[in-house]
Engineer: 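Take a look at this one; I'll ask things after.
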Number of protein chains: 2
Amino acid sequence: MEKDITIYDIARELNLSPTTISRALNDHPAVNKKTKQRISDAAAQMGYRSNFFASNLRKQHTNTIGLIVPRLDSPFHSAVISGIEKVLNEEGYNLIISQSLETFQKEKSNAKTMFDSRVDGLLVSLSFETEDLQHFEPFINRGIPVVFYDRVAEHRNCTNIVIDNLQAAHKATSHLIEQGCTNIVHITGNLKRNVYADRLKGFKYALLDHGLPFSEDQVILGEMTEAAGQKAASQILAMSPRPDGIFVSNDTCAVSCIKALKQAGLSVPQDIAVIGFNNDAISRVIEPNLTTITNPGQEMGEVAVKVLLLQINGTGERIPGNTINLRSELIVRESSLKSKAKSKKKSVLA
Amino acid sequence: MEKDITIYDIARELNLSPTTISRALNDHPAVNKKTKQRISDAAAQMGYRSNFFASNLRKQHTNTIGLIVPRLDSPFHSAVISGIEKVLNEEGYNLIISQSLETFQKEKSNAKTMFDSRVDGLLVSLSFETEDLQHFEPFINRGIPVVFYDRVAEHRNCTNIVIDNLQAAHKATSHLIEQGCTNIVHITGNLKRNVYADRLKGFKYALLDHGLPFSEDQVILGEMTEAAGQKAASQILAMSPRPDGIFVSNDTCAVSCIKALKQAGLSVPQDIAVIGFNNDAISRVIEPNLTTITNPGQEMGEVAVKVLLLQINGTGERIPGNTINLRSELIVRESSLKSKAKSKKKSVLA
DNA sequence: TTGTATGCGTTATCAT
DNA sequence: ATGATAACGCATACAA
C-alpha cells in the first residue's frame with residue numbers, strides 16, 4: 001500500500017517547479033521539449049498517475065459522460081452501449097451507466113445521480129413511462145448537453161438521434177399489403193414514446209395509401225416483452241375474421257408471437273405473415289426467419305456520443321433542436337413472404 | 001449557467017461553520033438534530049449538491065467501481081451488468097465499464113485506465129487471449145480488491161465467482177450418452193480460459209465414466225461465434241463415422257451449428273443430438289428447442305459486486321483465494337431428446 | 001521558458 | 001455540539 005506520487009514529488013526529484021511538471025504532463029506548448037521528455041520519463045519511472053479528482057476539482061469538469069438506458073439486457077441497447085464505449089474509450093472519457101427499468105421514477109432518480117456526479121454530458125433513451133423532461137432541466141440550465149437517442153423527445157437545445165420510424169413502419173406495412181395481406185394487426189409499445197407513436201403512424205398511413213381501412217382494434221398495445229407477444233397472439237387468435245398479417249414493434253415480441261401462433265396450429269406466413277423490428281440475432285433463428293427492420297444500435301451509439309462530445313467541446317456550434325436520422329432498412333425474410341412461400345408440408349402438420 | 005453552491009454558502013446563510021454543514025450533511029452523530037434539520041432544509045432549498053471531486057480528493061476514494069468485460073453485446077454479460085448496476089445503484093456507487101473485445105492488449109490498457117481512474121474495486125471477466133494477471137498487480141499492491149467472475153483465474157487475494165463448469169459439462173455429456181449417443185463432439189473456446197478448460201474436462205470425464213473412448217479429434221476449438229458454429233458444423237459433416245451428439249460451449253454457437261446441420265439435411269436430435277450452454281433466449285427459439293445449461297448472469301453480477309463491496313468496506317474479512325460457486329442446471333429440451341423424439345416428418349423432408 | 005502563489009470544495013484534526 | 005484550520009493534488013493568473 002505505497003503512497004501515491006504527485007507532481008510535487010516529480011518536481012522535487014528533477015529540481016523543477018510543480019507548475020512545469022503540470023504543464024509538461026499536459027503537453028503545454030510553453031515547455032522545453034527536452035524538459036518535457038525528462039519529466040515524462042521521470043513520471044513513468046516513478047509510477048506517477050494523475051489524480052482525476054484534484055484535476056476535476058480544479059478544472060470543474062469530470063471527463064465523464066452519463067448514460068440512462070431503459071434496460072441493459074436488450075440486444076439493441078447492448079449494441080448502442082458497445083458503440084458508445086468504443087468512442088469514449090478512444091477519447092479518454094469515462095462512462096457511467098444506469099438503467100431506468102422503464103419507470104419514470106427511476107429515470108428521475110438516475111438523472112439526479114448523474115447530475116450530482118457532475119457528468120459533462122448526458123445520453124438518454126427514455127423509459128416507457130416518462131411523462132415529461134423536467135428532470136433534465138438542471139442539465140440544460142447549467143449548459144450540460146443532453147442527447148437523446150432512439151426513444152427521444154423534442155426539447156430546445158437537445159439533439160435527437162433516431163431512425164425514421166414512420167417511414168420504416170410504412171415500408172413494413174406496405175410490404176405486407178403487397179404480399180396480399182388485407183387485415184393487418186400492429187403490436188406496439190407505449191405511445192408516449194416516439195418510436196411506437198411513429199410506427200403506428202407509418203402503419204396507419206400505409207393502410208390509407210393502399211386504400212385499406214383502419215380501426216383501433218387493429219392495434220395491440222403492450223410491454224413488447226416475450227410474454228406480451230404470447231398474449232397478443234392469443235388475442236389475435238380470438239379475432240374474427242382472423243388477421244392475415246402482423247407488424248410487431250420488436251423482434252423479441254414478434255418471435256414469441258410466432259411461436260404461439262404456430263403452437264395454435266397456424267402457419268407463418270401462409271396463414272399470417274409477420275414482420276418484426278430491430279434485426280436482432282433471434283430474427284435469423286426463428287422459423288420461418290423473421291422479416292424485420294434494421295435498427296443500427298452500434299452506429300446510433302457512436303453518433304450520439306460524437307454529437308455529445310462536439311457539444312461538450314463546443315466550438316460554438318449549438319445544433320439546437322436538431323434531429324439526426326440514421327439509415328434503416330427492411331430485411332425481407334420468409335416470415336412475410338406469402339407469394340413465394342412454397343406450400344410447405346409443415347403447414348399441414350402444424 | 002448559475003454557480004454551484006457550496007457548504008460555505010449554506011454556512012453563511014445559516015450563520016454556522018462549514019464544518020458543521022459538512023457533518024450534518026454526512027449525518028454525523030455529533031450534530032444537533034434540529035440543526036441537522038435546518039441544514040438539510042436549507043441545502044435542499046438552495047439546490048446544494050455535494051462535490052464528489054472535492055470529497056474524493058479529500059477522502060482518497062472514489063465510490064466508483066470498474067468492470068472489464070470481454071464484450072458488452074452478449075446476453076450473458078448483459079445480464080451480469082444488469083445485476084451489478086442494480087446493486088451498485090442501491091449502494092450509491094458508480095460503475096465504469098470497458099470491454100476488452102477478447103484481446104489481451106485491450107484488457108491491459110483497460111486495466112490501466114481503471115487504475116488511473118482510481119476505482120475502489122475491480123470486477124473482471126477475462127478475455128480469450130489473456131495470458132497472465134500482471135496487469136492487475138497494481139491493484140493488488142495498493143489493496144484495491146479485484147473480483148473475477150465466470151472467466152476467472154487463480155490469484156492470491158482475489159475471489160472468483162463461477163458455476164461448476166466441470167460438473168455442468170459432465171451432466172450435459174452424460175445426458176447425451178444416456179440418450180444413446182456414443183460418438184460425441186465437443187465444440188468449445190480457448191482453453192486458456194477456465195470455463196472452456198473445465199467444460200472439456202467434464203466432457204472427458206463423462207465419457208470415461210461411461211466407458212466411452214476419447215480422442216482429441218472429438219474437440220473443436222473456436223471463437224464460439226455464430227460463424228464458428230457454422231464452420232464446426234461443416235467439420236462435423238465431414239467426419240466419418242458421423243458423430244451422433246454435440247456438446248457446445250455456448251448457445252449462439254450451438255444454434256448456428258444446428259441451423260447448418262439442418263440445412264445439410266440432418267435432423268436434430270434424431271441424427272445428431274445437440275446441447276448448448278447459457279440458456280440464452282435464443283435457445284427457446286431454435287427448432288428444436290435447445291437443451292442447455294443455465295448460467296445465472298444476473299445473480300453472478302450481484303454476488304460478484306456484493307463480495308467486492310464487502311472487501312472494499314473491509315470489516316477485516318479477506319476471503320483470499322476463495323471461490324464462490326453458483327448453482328446451475330441442465331435444462332432438457334427437444335434438441336437432445338433422442339429417446340422421446342417422435343419420428344417427425346420434418347426429418348424426412350429435411 | 002520557468003516559477004510563485006492561490007483556490008477548487010471537502011473532510012480530518014484539533015480545539016473550544 | 002460547534003468551530004478554526006489545514007490538507008488533499010492539481011491548474012492557472014501573474015510574475016520573472
Side-chain angles (χ1 to χ4, degrees), chain A residues 1-40 42-43 46-64 92 94 115-120 142, chain B residues 1-40 42-43 46-64 92 94 115-120 142:
Chain A
M1 194 87 111
E2 317 120 33
K3 209 183 152 302
D4 265 314
I5 83 128
T6 75
I7 53 173
Y8 285 93
D9 299 321
I10 305 182
R12 204 177 315 115
E13 190 75 12
L14 299 183
N15 266 313
L16 286 166
S17 81
T19 312
T20 304
I21 310 297
S22 172
R23 287 209 263 252
L25 260 19
N26 288 302
D27 206 26
H28 188 109
V31 175
N32 189 310
K33 273 241 170 88
K34 285 180 66 178
T35 333
K36 225 179 244 178
Q37 190 57 52
R38 273 178 64 217
I39 293 177
S40 92
M46 297 171 73
Y48 167 81
R49 52 176 183 161
S50 161
N51 186 320
F52 278 21
F53 308 98
S55 175
N56 290 338
L57 175 58
R58 182 60 230 244
K59 290 192 304 194
Q60 300 288 35
H61 68 242
T62 62
N63 251 266
T64 297
N94 274 142
F115 188 63
D116 290 345
S117 297
R118 283 173 162 74
V119 294
D120 291 341
R142 272 218 162 62
Chain B
M1 195 88 112
E2 316 121 34
K3 211 188 151 299
D4 264 316
I5 84 128
T6 74
I7 55 173
Y8 283 93
D9 299 320
I10 304 181
R12 203 177 316 115
E13 188 75 13
L14 299 184
N15 266 312
L16 286 166
S17 80
T19 311
T20 305
I21 310 298
S22 173
R23 286 207 264 251
L25 261 18
N26 288 302
D27 207 28
H28 189 109
V31 176
N32 189 310
K33 271 241 171 86
K34 284 178 68 178
T35 332
K36 225 179 243 179
Q37 189 59 50
R38 273 177 63 217
I39 292 176
S40 90
M46 297 171 71
Y48 166 82
R49 53 175 182 160
S50 161
N51 187 319
F52 276 24
F53 308 98
S55 173
N56 289 338
L57 175 58
R58 186 58 235 236
K59 291 192 303 194
Q60 300 288 35
H61 67 244
T62 62
N63 252 264
T64 296
N94 274 143
F115 187 63
D116 290 345
S117 296
R118 285 172 158 75
V119 295
D120 291 340
R142 272 219 163 59

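All chains are named by letter (A, B, ...) in the order of the sequence lines, taking the proteins before the strands, and each is independently numbered beginning at 1.
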Engineer: Just jot down the salt bridge (charged side-chain N to carboxylate O under 4.0 Å, His left out) partners of R38(A), sequence neighbours excluded, or say none.
Structural biologist: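 R38(A) satisfies salt bridge (charged side-chain N to carboxylate O under 4.0 Å, His left out) with no residue once adjacent residues are dropped.
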Engineer: For dG3(C), does either OP1 or OP2 sit under 4.0 Å from a side-chain N or O belonging to S17(A)?
Structural biologist: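 Looking at the OP1 and OP2 atoms of dG3(C), one of them is under 4.0 Å from a side-chain N or O of S17(A).
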Engineer: Please lay out, stage by stage, how T20(B) and H28(B) fare under the test side chain to side chain contact (heavy atoms under 4.5 Å, CB included).
Structural biologist: CA-CA 9 Å; T20(B) 305; H28(B) 189 109; over 6 Å; no
Engineer: Pairing donors with acceptors under 3.5 angstrom, does anything connect the side chains of T62(B) and D120(B)?
Structural biologist: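 Note: T62(B) and D120(B) side chains meet the donor-acceptor criterion.
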Engineer: Would you say S55(A) places a side-chain N or O within less than 4.0 Å of OP1 or OP2 belonging to dA11(D)?
Structural biologist: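 Yes, such a contact exists.
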Engineer: Report, one pair per line, the protein and nucleotides 12-16 of chain C atoms (nitrogen or oxygen only) whose separation is under 3.5 Å.
Structural biologist:
residue	atom	partner	partner atom	Å
dA12(C)	O4'	R58(B)	NH2	2.9

Engineer: Has N26(A) got a side-chain N or O lying under 4.0 Å from the OP1 or OP2 atom of dA11(D)?
Structural biologist: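 Looking at the OP1 and OP2 atoms of dA11(D), one of them is under 4.0 Å from a side-chain N or O of N26(A).
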Engineer: With side chains defined as the heavy atoms from C-beta onward, is the minimum distance between R142(B) and D4(A) less than 4.5 Å?
Structural biologist: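 The answer is yes; the side chains approach within 4.5 Å.
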Engineer: In Å and rounded to the nearest 0.5 Å, what is the CG to CG distance from N51(A) to D116(B)?
Structural biologist: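 The distance works out to 10.5 Å.
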Engineer: Are the side chains of R118(B) and T64(B) in touch, meaning some heavy atoms are under 4.5 Å apart?
Structural biologist: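 Heavy-atom side-chain distance check fails, nothing below 4.5 Å.
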Engineer: Can you tell me the distance, in whole Å, between the CZ atom of F53(A) and the P atom of dA11(D)?
Structural biologist: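 Rounded to the whole Å, the gap is 13 Å.
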Engineer: Near DNA chain D, counting only heavy atoms under 4.0 Å, which residues of residues 30-40 of chain A show up?
Structural biologist: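 Residues of residues 30-40 of chain A under 4.0 Å from DNA chain D: none.
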Engineer: Have a look at F52(B) and say if it touches a base, only the backbone sugar-phosphate, or nothing, with a 4.0 Å heavy-atom cut-off.
Structural biologist: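 The answer is nothing, as F52(B) stays clear of every strand by at least 4.0 Å.
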Engineer: Expressed as a whole number of angstroms, how long is the span from N51(A):CG to dC8(C):P?
Structural biologist: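 Going from CG in N51(A) over to P in dC8(C) covers 18 Å.
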Engineer: Taking the nucleotide of DNA chain D with the closest heavy atom to each, which residue, P18(B) or A54(B), is nearer the 5' end?
Structural biologist: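 Upstream on the strand: P18(B).
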Engineer: Less than 4.5 Å apart, any side-chain heavy atom of S50(B) and any of L25(B)?
Structural biologist: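 Heavy-atom side-chain distance check fails, nothing below 4.5 Å.
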Engineer: In whole Å, I'd like the distance from the CG atom of N15(B) to the P atom of dT2(D).
Structural biologist: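 Spelled out: CG on N15(B) to P on dT2(D) is 13 Å.
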Engineer: Between P on dG3(C) and CD1 on I21(A), what's the gap in Å once rounded to a whole number?
Structural biologist: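 After rounding, the gap between these two atoms is 8 Å.
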Engineer: Separation of D27(A) atom CG from dC10(D) atom P, in whole Å?
Structural biologist: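 D27(A) atom CG is separated from dC10(D) atom P by 17 Å.
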Engineer: Which heavy atom of V31(A) sits nearest to which heavy atom of A24(A), and what is that distance?
Structural biologist: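 Looking at all heavy atoms of both residues, the closest pair is CG2-N, 4.1 Å.
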Engineer: For L57(B) and dA7(D), what is the distance between atoms CG and P respectively, to the nearest whole Å?
Structural biologist: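 Taking atom P of dA7(D) as the reference, CG of L57(B) is at 14 Å.
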Engineer: Report yes if a side-chain nitrogen or oxygen of Q60(B) is closer than 4.0 Å to either non-bridging phosphate oxygen (OP1 or OP2) of dG9(D); otherwise report no.
Structural biologist: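 For dG9(D), OP1/OP2 do have a side-chain N/O of Q60(B) under 4.0 Å.
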Engineer: What is the distance, rounded to the nearest whole Å, between atom CE of M46(B) and atom P of dG9(C)?
Structural biologist: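 The distance from CE of M46(B) to P of dG9(C) comes to 13 Å, rounded to the nearest Å.
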Engineer: Rounded off to whole Å, could you give me the OH-to-P distance for the Y8(A) and dC8(D) pair?
Structural biologist: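 Y8(A) atom OH is separated from dC8(D) atom P by 9 Å.
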Engineer: Considering only heavy atoms from C-beta outward, does the side chain of Y48(A) approach that of I7(A) to under 4.5 Å?
Structural biologist: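 Answer yes - side chains close enough.
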